[in-house]
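A short worksheet on the structure shown next.
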2 protein chains.
Amino acid sequence: MEEIKDTEKQILNAAKEIFLQKGFDGARMQDIADKAGINKAMLHYYFRSKDRLFESVFRELTSNIFPKLFQSLMSEMPFEEKLKSIVNNYMDFLVINPDLPLFVFREINSNPERIANILKDVVKIDDFKNQLKGNVDNAISESGLENIDATQVVLTLLGACIFPAIAKNLIKIVFKMTEDDYVDLMIKRKEQLPKILINGLKK
Amino acid sequence: MEEIKDTEKQILNAAKEIFLQKGFDGARMQDIADKAGINKAMLHYYFRSKDRLFESVFRELTSNIFPKLFQSLMSEMPFEEKLKSIVNNYMDFLVINPDLPLFVFREINSNPERIANILKDVVKIDDFKNQLKGNVDNAISESGLENIDATQVVLTLLGACIFPAIAKNLIKIVFKMTEDDYVDLMIKRKEQLPKILINGLKK
DNA sequence: GTCTATAACCTGATAGAC
DNA sequence: GTCTATCAGGTTATAGAC
């Protein structure tokens with residue numbers, strides 16, 4: 001019993017690392033087995049196929065962040081507080097999981113069908129659009145900010161947080177940063193972003 | 001003569017499409033040949049290997065945009081003008097080439113060595129960091145804007161432009177957009193972004 | 001549950017005729 | 001230059017012993 005769960009967990013952890021870095025197409029079952037310290041046949045014993053293993057990994061990786069993010073976006077707070085809380089929570093998450101956004105966007109682009117099937121369960125998209133728009137529109141108007149499209153605001157907010165994670169490796173190369181430099185950049189960004197964004201949206 | 005160039009061009013165009021969508025690992029030489037309307041053996045006749053074909057494609061795709069973007073960032077204009085011109089030029093480019101940023105970041109993450117070799121020629125990174133920082137710092141202080149880290153400004157600017165391109169397919173799903181809706185979103189964004197960003201950086 | 005060995009398949013690359 | 005046929009190597013997946 002204990003050993004079952006343990007092996008399964010080891011496989012999942014190893015698979016997460018490999019899939020996150022290499023993507024579905026670049027990942028090798030052999031590499032996952034090696035990293036998990038077990039045999040290749042075990043992967044199939046526990047997860048039957050590469051597709052199913054990937055699905056489990058994707059589900060585990062995204063099941064937390066999607067609802068959490070949507071929940072933050074939909075919460076009934078004053079705009080400025082809301083924005084600060086999203087930036088704070090999401091940036092903290094991204095410092096710990098910098099590879100996740102690129103992973104998600106990569107898989108959506110290279111194999112939309114596979115992801116569409118998984119996303120159905122993870123996110124209930126139906127009329128999310130309208131709910132979000134109404135919520136953000138309200139928050140904006142109540143705050144006396146410029147009347148600007150809610151979609152544009154959300155994209156600017158998310159882009160400001162997520163882009164530095166997606167571009168992490170290029171940033172480190174171009175600006176000659178160590179890992180510590182990068183983390184420092186992200187932590188400082190948590191304070192500066194709300195200022196930039198809130199100011200920018202004022203009339 | 002004419003036919004040589006023609007076939008080579010057909011291959012490159014087909015390879016661009018496939019590599020952009022699937023990435024190096026997901027791309028199949030057979031699919032590229034099919035899309036080019038020629039035989040698989042021809043790919044090797046003209047480009048010798050998948051690696052070399054990819055290198056040609058990557059070079060062609062990035063040779064324009066990297067220098068152009070860096071040049072814009074380094075130009076000696078007042079901050080507001082500079083920002084507007086970057087947003088305008090870059091957003092136009094991204095509407096036509098929405099897949100390119102994700103392609104670049106994906107390849108950097110899944111196979112850093114391959115890209116590092118190619119990037120050496122395309123971008124001369126040496127002390128780009130200092131030049132950029134100095135240039136942006138000057139632009140900011142001359143404009144009487146808040147004293148904010150140049151790196152953060154550049155990241156916010158680029159993220160605001162690039163993120164909607166990277167997230168294109170997810171955006172279309174979540175907000176139930178058609179291709180036309182998306183293009184419209186990006187065009188409107190060109191006008192709204194400078195306002196948001198400039199305002200946000202003022203004291 | 002775990003392992004070794006191997007099957008079945010796919011993919012990049014080449015040989016050789018035209 | 002272009003094609004067909006095929007090789008060589010690697011990858012997922014399974015069979016079967018323990």
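The chains referred to below are lettered A, B, ... by the order of the sequence lines, with proteins before strands, and numbering in each begins at 1.
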For the side chain of A/S49, counting heavy atoms from C-beta on, which of D/dC3, C/dG12, D/dA13 is nearest? D/dA13
Nearest whole Å is fine: how far is [N] [atom2] from [X] [atom1]?
X     : N      : atom1 : atom2 : value
A/L43 : C/dT2  : CG    : P     : 12 Å
A/F47 : D/dT12 : CZ    : C1'   : 16 Å
A/M42 : D/dA13 : CE    : P     : 15 Å
B/Y45 : D/dC3  : OH    : P     : 12 Å
B/R52 : C/dT14 : CZ    : C1'   : 16 Å
B/H44 : D/dA8  : NE2   : P     : 16 Å
A/E8  : C/dT2  : CD    : P     : 11 Å
A/D6  : C/dT2  : CG    : C1'   : 14 Å

Sub-4.0 Å heavy-atom contacts from residues 107-116 of chain A onto DNA chain D, ordered by number: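 Result for residues 107-116 of chain A: none.
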Contact residues, residues 16-29 of chain A to DNA chain D [heavy atom, < 4.0 Å]: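 Those residues whose heavy atoms fall under 4.0 Å from DNA chain D, taken from residues 16-29 of chain A in numerical order, are A/A27, A/R28, A/M29.
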Heavy-atom pair of closest approach, residues B/L100 and B/L61: CD2-O, 3.4 Å
Nearest nucleotide by nearest heavy atom, which residue falls closer to the 5' end of DNA chain D, B/K40 or B/G37?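 Between the two, 5'-proximity favours B/G37.
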For residues 34-41 of chain A, which side-chain N or O atoms pair as donor and acceptor with protein atoms under 3.5 Å away, sequence neighbours left out?
| from | atom 1 | to | atom 2 | distance (Å) |
| --- | --- | --- | --- | --- |
| A/D34 | OD1 | A/Q30 | NE2 | 3.0 |
| A/K35 | NZ | A/E17 | OE1 | 3.2 |
| A/N39 | OD1 | A/A41 | N | 2.8 |

So among A/R189, A/K188, A/E191, which one has a side-chain hydrogen bond (donor to acceptor under 3.5 Å, both in side chains) with B/Q152?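 Result for side-chain hydrogen bond (donor to acceptor under 3.5 Å, both in side chains) with B/Q152: A/R189.
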With heavy-atom distances below 4.5 Å as the criterion, would you say the side chains of [X] and [Y] are in contact?
X      : Y     : result
A/N117 : A/E55 : no
A/R28  : A/K22 : no
B/S110 : B/F24 : no
B/L53  : B/Y46 : no

Please work out which of the three classes, parallel, tilted or perpendicular, describes the rings of A/F103 and A/F54, given edges at 30° and 60°.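 The rings of A/F54 and A/F103 sit tilted, inter-plane angle from 30° to 60°.
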Taking A/L157 as the fixed residue, which of A/I162, A/V136, A/L193, A/L197 is the one that meets the side-chain contact (heavy atoms from CB on, under 4.5 Å) rule?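 Testing each of A/I162, A/V136, A/L193, A/L197 against A/L157, the sole residue satisfying side-chain contact (heavy atoms from CB on, under 4.5 Å) is A/L197.
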Pick one: which of B/P164, B/P98, B/C161 meets side-chain contact (heavy atoms from CB on, under 4.5 Å) with B/M186?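 Single side-chain contact (heavy atoms from CB on, under 4.5 Å) partner of B/M186 among B/P164, B/P98, B/C161: B/P164.
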Results of ring pair (Phe, Tyr, Trp, His ring centres under 6.0 Å) for A/F175 - residues two or more places apart only: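 Checked A/F175 against ring pair (Phe, Tyr, Trp, His ring centres under 6.0 Å); zero matches.
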Given C/dT2, is OP1 or OP2 found less than 4.0 Å from the side-chain N or O atoms of A/Y46?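 The answer is yes; a side-chain N or O of A/Y46 sits under 4.0 Å from OP1 or OP2.
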Under 4.0 Å from OP1 or OP2 of C/dT2: is there any side-chain N or O of A/T7 that close?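 Answer is yes, contact under 4.0 Å.
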Output one line per pair: protein atom, nucleotide atom from nucleotides 16-18 of chain D, and distance, for all N/O pairs under 3.5 Å.
none

Sequence neighbours excluded, every pair satisfying salt bridge (charged side-chain N to carboxylate O under 4.0 Å, His left out) that has a member inside residues 96-114 of chain A: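 Pairs touching residues 96-114 of chain A that pass the test: A/D51-A/R114.
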